[in-house]
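Notes follow once the structure below has been shown.
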Protein chains: 2
Amino acid sequence: MQLSPLAQSFVLHFGEMGSRWGINRTVGQIYALLYLAAPRPLCADEIVEALGVSRSNVSMGLRELQGWNLVVPRHLPHDRRDHFTTPEDVWQILRILAEERKKREVDPTLSVLRELLMQPATTPEDRHAQARMAEMHALIEQLTTWYDDVKRLETERLVALLRLGAGVAKMLDVKDRMKGRVVALTRRRGAAEKKKEG
Amino acid sequence: MQLSPLAQSFVLHFGEMGSRWGINRTVGQIYALLYLAAPRPLCADEIVEALGVSRSNVSMGLRELQGWNLVVPRHLPHDRRDHFTTPEDVWQILRILAEERKKREVDPTLSVLRELLMQPATTPEDRHAQARMAEMHALIEQLTTWYDDVKRLETERLVALLRLGAGVAKMLDVKDRMKGRVVALTRRRGAAEKKKEG
DNA sequence: CGGCCTTTTCAGACTTTTCTGAAAATACGG
DNA sequence: CCGTATTTTCAGAAAAGTCTGAAAAGGCCG
């Protein structure tokens, strides 16, 4: 499979971006290629040919991508070779990406912060340091709580929420003005257990 | 300045995480140190002593952090040396981080996608590739539009929005049930220009 | 200006990461 | 089982990134 200039540009761009995203060039390129091809699965040799990298490099890249759940293996009938593809739905990809990055980039920090906050602080410096850590911890908790909540929405609702944007904040004002009437309505639908209203 | 074990752990963790975040170890450590010390600014030599890295390394690290707007220089009276600190408010830090990461990690992709989508597609493969790119482009546009909207909120409101979480989606349901009454109220306050209702 | 203190630059040493080819392992049909 | 097709592993080459010390540059005050 020879890449068209169009696909080539896309693939090369993802290779470049790879470094900024903390993945390596080849991995970025493989992903880009599979993304473009989706839903058609490619086998390793097609990837080798399209990208001009070694077979072993592709093997390792595919393994890493599977570790991220960004690529899934597929078996085609009458073909012994493994084939690979990415989930087709971009919103699904977004969810996976968010989940995996959280797991790798946020969770470890959260757990270190928790641990350090448990330790007794003896000096004023340490007390100050813990106060700073507590602020960071609270922020991350708030973000991850929001994320855990939002990620459960079906895509259609997630899109609606995004489209609304800051409009939500305005709705909060409205809610305040309505002195609890919307809240009451929401409760009636069994929705408001988890949140604390103003 | 000698680091306590508590501060040490925090700093080392940020050093480690640095690689996953696409920044280097020293830069991560310098940032962690300044974050803990904030609002007290530190001079380069204090950083050198605390981290045990070379003066030149600190100089480069500080420059990078200034490029990210995560660290700002300060001049202390009666001291010719430059001092540095991070913004004290974690929400402010979050905003800066989001903005800079978007600039480096999202915007370039968005512009590549736009460019590639402008090009005429001749083959069926290219048409398919462009369709895939269009999906990705639409997703990113939606996310950045939401982000541009939300980032303008004052912190207090942003927090309220986060606390609400997926509750927003429930509010959307309520809105539907109320057959436009909330929308009308919102409009009266001049908030709903930009969004398309159901 | 000249001396002193501070910061920046940068060539190259060092470290880490990426990539490859060759060999080993695995899977599968006959 | 055997032979073939395919994938994985891995040692080391290559590339990329990080860090340092020495030297240059910058800035300030007398």
Side-chain angles (χ1 to χ4, degrees), chain A residues 1 11-34 41-68 71-85 104-105, chain B residues 1 11-34 41-68 71-85 104-105:
Chain A
M1 194 173 66
V11 163
L12 290 180
H13 172 75
F14 269 73
E16 298 301 317
M17 292 310 279
S19 40
R20 301 196 192 180
W21 288 68
I23 61 174
N24 78 41
R25 188 157 46 94
T26 309
V27 171
Q29 291 184 355
I30 293 174
Y31 183 76
L33 185 64
L34 292 177
L42 304 184
C43 71
D45 286 321
E46 289 177 288
I47 299 172
V48 166
E49 199 196 339
L51 303 183
V53 298
S54 74
R55 182 52 232 268
S56 51
N57 200 0
V58 168
S59 179
M60 295 189 294
L62 285 170
R63 185 131 50 90
E64 177 157 1
L65 285 167
Q66 286 173 269
W68 278 75
V71 156
V72 292
R74 286 289 212 85
H75 274 136
L76 262 56
H78 306 299
D79 195 333
R80 278 167 57 175
R81 294 169 303 177
D82 285 342
H83 287 66
F84 300 88
T85 189
R104 287 167 174 76
E105 298 178 4
Chain B
M1 195 172 65
V11 163
L12 290 181
H13 173 75
F14 270 72
E16 297 302 315
M17 292 309 279
S19 41
R20 302 198 191 179
W21 289 68
I23 61 175
N24 78 38
R25 188 156 46 94
T26 309
V27 171
Q29 293 185 353
I30 294 174
Y31 183 76
L33 186 65
L34 292 177
L42 303 184
C43 72
D45 285 320
E46 289 178 287
I47 299 173
V48 166
E49 199 196 340
L51 303 184
V53 298
S54 74
R55 183 52 234 268
S56 51
N57 200 359
V58 168
S59 179
M60 293 188 297
L62 284 170
R63 185 130 53 87
E64 177 157 2
L65 285 168
Q66 286 173 271
W68 277 76
V71 156
V72 293
R74 287 287 213 87
H75 274 135
L76 263 55
H78 307 298
D79 195 334
R80 277 167 58 175
R81 294 169 303 176
D82 285 343
H83 286 67
F84 300 89
T85 189
R104 288 167 174 74
E105 299 177 4

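Every chain is numbered from 1 and lettered A, B, ... according to where its sequence line falls, protein lines coming before strand lines. Atom set for the values below is all heavy atoms of this structure, side chains included, hydrogens, waters and symmetry mates excluded.
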Give me the atom names and distance for the closest heavy-atom approach of [X] to [Y].
X      : Y     : value
B/P41  : B/E46 : O-OE1, 4.2 Å
A/L34  : A/L62 : CD1-CD2, 4.1 Å
B/R104 : A/R20 : O-NH1, 2.9 Å

Handout entry: Donor-acceptor pair, side chain of B/H78 and main chain of B/L76, under 3.5 angstrom
Key =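 Side chain of B/H78 to backbone of B/L76: no pair is present.
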
Phosphate-side-chain proximity, [X] and [N], N/O vs OP1/OP2 below 4.0 Å:
X     : N      : value
B/R25 : D/dG17 : no
A/S56 : D/dT8  : no
B/T26 : D/dC19 : yes
A/R63 : D/dT8  : no

Give the rounded distance in Å between these two atoms: [atom1] of [X] and [atom2] of [N].
X     : N      : atom1 : atom2 : result
A/R74 : D/dT6  : CZ    : P     : 19 Å
B/N24 : C/dC14 : CG    : C1'   : 14 Å
A/H78 : D/dT6  : NE2   : C1'   : 18 Å
B/Q66 : C/dT8  : CD    : C1'   : 12 Å
B/D82 : D/dA25 : CG    : C1'   : 14 Å
A/I23 : D/dA16 : CD1   : C1'   : 16 Å
B/R81 : D/dG27 : CZ    : C1'   : 15 Å
A/E46 : D/dT6  : CD    : C1'   : 14 Å

Problem - Which nucleotide in C/dT8, D/dC19, D/dC10 has an atom nearest any side-chain atom of A/M60 - result: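 For the A/M60 side chain, the nearest candidate turns out to be D/dC10.
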
Exercise for the section: Please tell me which of the listed nucleotides, C/dC19, D/dT7, C/dT7, lies nearest to the side chain of A/S54? Expected result: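 So the side chain of A/S54 is nearest to C/dC19.
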
Exercise for the section: Select base, sugar-phosphate, or nothing to describe what B/R80 touches, counting heavy atoms under 4.0 Å on all strands. Expected result: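 B/R80: base contact, heavy atoms under 4.0 Å.
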
Practice task
Would you indicate what B/N57 reaches in the nucleic acid, counting non-hydrogen atoms under 4.0 angstrom: base, sugar-phosphate, or nothing?
Solution key: base

Problem - Crowding at CZ, A/R74 (>12 non-hydrogen neighbours, <6.0 Å) - result: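 Atom CZ in A/R74 is not crowded, with 12 or fewer foreign heavy atoms closer than 6.0 Å.
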
Handout entry: 5' precedence on DNA chain D between A/D45 and B/V58 (nearest-nucleotide basis)
Key = A/D45

